[in-house]
Amino acid sequence: MTVVRTRFAPSPTGSLHIGGLRTALFNWLLARAHNGQFILRIEDTDQKRFDPTALQTLTEALRWAGLQWDEGPEVGGPYGPYVQSERLHHYQQWAQWLVDNDKAYKCFCTPERLEQVNKEKQARKEPPGYDRFCRSLTPEQVAAKEAAGEKYVIRFKAPLEGQTVVHDLIRGETTFENSTLQDMVLLKSDGFPTYHLAVVVDDYLMQISHVLRAVEWFPSFPLHVQIWQAFGWPLPHFAHLPVMLNPNGKGKMSKRNPPRDEKGNIIPVFVHDYMKQGILPEAMINFLTNIGWNFGDERDIFTVEETLQRFRIEDVNPANSAFPYPKLEWTNAQYIRALPAETLAQHLKPFLLEAGLAVDDERLLKLAPVVQTRITRLADVVPLAGFIFADPAAFQPAPAEKIIQKKMDAASSVAILEKSLALIDTLPSFDTNTLLEAFSAVTTEWGVNNSQLFGVLRVAVSGQTVSTPTFETMELLGREESVRRIQLAIETLRAAIPAEG
RNA sequence: GGCCCCAUCGUCUAGCGGUCUAGGACAUCACCCUUUCAAGGUGAGGACACGGGUUCGAGUCCCGUUGGGGUCACCA
């Protein structure tokens with residue numbers, strides 16, 4: 001079997017799109033599954049859309065996901081450079097080759113004329129496209145225009161009749177009528193190639209064996225095949241991956257029209273947004289693997305190594321799919337729960353620090369198992385338990401109505417809290433188990449149930465209605481701070497009593 | 001609109017002519033457990049778009065309809 005070489009070839013126009021990551025993943029998977037090479041190539045041939053920070057953002061996202069490339073920017077390789085703007089001479093040379101061999105021609109038409117042609121075609125209800133005016137220019141005419149300094153592009157001489165049969169690993173054969181092909185621009189007037197020229201030349205020069213790209217490219221598939229054939233180069237294998245649609249199934253995922261969940265929250269489209277939320281890379285990869293492809297047995301959680309054992313590009317489902325966002329959250333939650341406490345703590349730390357909290361490792365390690373089954377994304381730890389690391393001086397007690405539990409009022413809550421203070425005073429130590437035992441023992445005597453007693457204390461101490469469990473929270477806060485907060489809650493409640501009449 | 005692709009529960013999917021009264025997962029709902037929120041346990045509802053063929057037999061093959069998607073640049 002020949003060496004499998006795949007490539008991910010994004011244009012650096014911004015952060016990496018989630019769909020781009022999926023394309024990269026499948027390329028990576030195919031290469032790794034066959035002990036081949038995965039190449040990263042940057043398609044920055046559009047000077048108008050140049051973003052100098054995008055390359056770094058891109059490589060950061062790819063590395064985060066664990067998709068290390070064997071050749072490409074930052075790592076080099078035998079077929080470099082891997083940035084298209086540094087390969088201009090190749091495209092110019094091969095474009096000229098096509099002209100010399102009568103497979104392409106110079107076109108001197110101005111953008112204004114092109115626009116005019118399209119307008120006229122539209123008026124006649126014809127499909128838009130270049131009218132091939134310059135295709136029939138004589139060598140003398142071309143020479144004269146060049147001598148006059150007229151700018152030109154190089155266009156492909158698409159076959160006018162016949163058919164192009166393309167073969168796709170996922171979709172099988174498709175036949176296109178050549179009459180629908182356009183004389184696409186291969187080399188722009190600024191000397192930069194268009195995508196159509198650059199992909200073919202680079203995929204050939206870089207010895208790519210399998211071209212895996214999004215279905216968006218399917219319409220230009222026959223054009224590319226024709227270009228490959230014009231060069232006389234043997235075709236690589238092609239596979240066009242299905243696109244990920246908005247969760248509601250309407251249209252592609254895009255930043256212009258951000259998808260939303262049922263509650264109206266925006267669902268991110270960029271990998272960096274997921275990184276910021278605290279999606280674990282392993283969870284992201286696991287999740288993405290099961291869209292358009294399926295692990296095969298009925299497991300939903302599996303490692304990338306296991307995927308490598310059975311990944312086959314032919315098994316990719318040709319149908320587009322809606323982006324199943326809730327499943328990503330579920331998958332991430334599964335991975336979070338499987339983490340050892342120390343690892344979880346390490347993962348949590350940057351999110352807490354980012355929120356401006358004073359994290360100490362000892363308490364963080366105790367907190368980790370407490371929040372483990374309560375968060376789906378790492379960043380969730382901040383609203384849930386961030387208060388534990390917040391500056392005590394800035395603590396704001398919860399309002400009275402939040403402290404008061406079901407079937408209780410301010411007065412009874414104050415009574416309970418005062419008894420609690422007295423009880424705490426008698427405790428030899430201040431840890432979760434001691435507290436739990438002591439407070440569980442007094443509910444009947446105090447005439448409340450667990451839910452009421454633990455509830456008042458929890459809201460008093462955390463200042464929130466949703467938080468970590470009561471006694472874990474108290475242990476984390478420490479005796480002194482817990483007592484202080486209970487006293488503050490009592491004050492808050494007392495202030496509310498007159499208002500109740 | 002032209003060209004092209006696609007079509008199984010709400011969603012992601014399994015299914016590659018008989019083992020399908022269609023399996024799993026997420027989501028939803030109910031119950032259990034319960035210290036808020038979770039997690040966990042048990043259970044329920046929920047799909048082969050439609051119409052023709054082919055075949056002894058079709059979710060699985062063919063054609064059409066409908067629906068959805070992609071694409072029509074000196075952007076990728």
Side-chain angles (χ1 to χ4, degrees), chain A residues 9-13 43-46 48-49 84 107 109-111 114 118 125-130 151-155 166 168 170-171 174-177 179-182 184-190 192-196 198-199 213-222 240 242-243 245 247-252 262 287 290-301 315 317-331 333 337 371-376 380 384 405 436 439-440 449-455 457-459 462 464-473:
Chain A
S11 61
T13 53
E43 310 218 327
D44 59 342
T45 57
D46 185 4
K48 292 183 218 81
R49 294 207 297 175
Q84 290 186 329
C107 169
C109 294
T110 61
L114 261 28
N118 269 333
K125 303 223 158 120
E126 287 173 26
Y130 181 53
K151 294 188 94 176
Y152 64 86
V153 299
I154 291 179
R155 283 183 186 274
V166 298
D168 181 278
I170 298 171
R171 285 150 229 276
T174 304
T175 303
F176 290 86
E177 291 297 330
S179 58
T180 63
L181 260 31
Q182 299 278 331
M184 296 300 287
V185 171
L186 298 179
L187 199 71
K188 305 180 222 175
S189 56
D190 63 3
F192 276 64
T194 58
Y195 173 81
H196 307 297
V199 248
R213 68 222 308 192
V215 253
E216 279 97 316
W217 293 110
F218 203 81
S220 49
F221 194 4
H240 290 84
V243 289
L245 272 18
N248 60 18
K250 300 281 179 203
K252 293 199 284 186
E262 287 131 344
F287 163 75
N290 257 350
I291 303 177
W293 186 80
N294 188 265
F295 189 67
D297 59 29
E298 292 183 341
R299 279 192 294 154
D300 292 280
I301 301 297
D315 293 337
N317 183 164
N320 294 339
S321 60
F323 184 69
Y325 181 69
K327 220 161 181 169
L328 171 59
E329 292 198 328
W330 176 82
T331 306
R337 277 175 240 152
V371 296
Q372 194 153 28
T373 60
R374 282 167 239 268
I375 57 176
T376 57
D380 294 342
L384 209 226
Q405 300 295 298
L436 180 61
F439 279 93
S440 297
N449 58 35
N450 285 2
S451 184
Q452 292 172 315
L453 173 58
F454 299 178
L457 286 168
R458 193 177 51 73
V459 179
S462 69
Q464 334 187 141
T465 50
V466 174
S467 75
T468 42
T470 310
F471 304 118
E472 282 83 347
T473 306

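Since the structure is predicted, the reported quantities are computational estimates derived from the model, not experimental observations. In what follows, chains carry the letters A, B, and so on, assigned in the order in which the sequence lines appear, proteins first and then strands, with residues in each chain numbered from 1. The analysis underlying the following values was restricted to heavy atoms, covering all of them including side chains, and did not include hydrogens, waters or symmetry mates.
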Return the polar atom pairs (N/O with N/O) between nucleotides 58-69 of chain B and the protein under 3.5 Å, or none.
unit_1	atom_1	unit_2	atom_2	d
B/G69	O2'	A/N320	ND2	2.7

Which atom pairs link the protein and nucleotides 21-23 of chain B when you take only N or O atoms and keep those under 3.5 Å?
unit_1	atom_1	unit_2	atom_2	d
B/G23	O2'	A/E298	OE2	2.9

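Between the NZ atom of A/K125 and the P atom of B/G1 there is a distance of 13 Å, rounded to whole Å.
Taking 4.0 angstrom as the limit, A/T174 places a side-chain polar atom (N or O) nearer than this to OP1 or OP2 of B/C5. One finds a side-chain N or O of A/N450 lying less than 4.0 angstrom from the OP1 or OP2 phosphate oxygen of B/U35. Contact check, A/R299 against B/G24: no side-chain N or O comes under 4.0 Å of OP1 or OP2. Proximity of A/T180 to the phosphate of B/C4: no side-chain N or O atom is located under 4.0 Å from OP1 or OP2.
In this entry B/C16 has no Watson-Crick or G-U wobble partner, no candidate having both defining distances under 3.5 Å.
A centroid separation of 6.0 Å or more is found between the aromatic rings of A/F287 and A/Y325.
No N or O donor and acceptor, one from the side chain of A/S467 and one from the base of B/C37, sit under 3.5 Å apart. For A/R458 and B/U36, a side-chain-to-base donor-acceptor distance below 3.5 Å is present, hydrogens and geometry of angles not being considered. Between the side chain of A/R374 and the base of B/C37, a donor-acceptor pair under 3.5 Å is found.
The separation of B/C29 from B/U66, taken at their C1' atoms, amounts to 33 Å, rounded to a whole angstrom. On the C1' atoms, B/U65 is 15 Å away from B/C6, given to the nearest whole Å.
For A/L436, the side-chain atoms get nearest to B/U35 when compared with the rest of B/C5, B/U35, B/A25. Here the nucleotide nearest the side chain of A/R155, chosen from B/C12, B/C74, B/A76, is B/C74.
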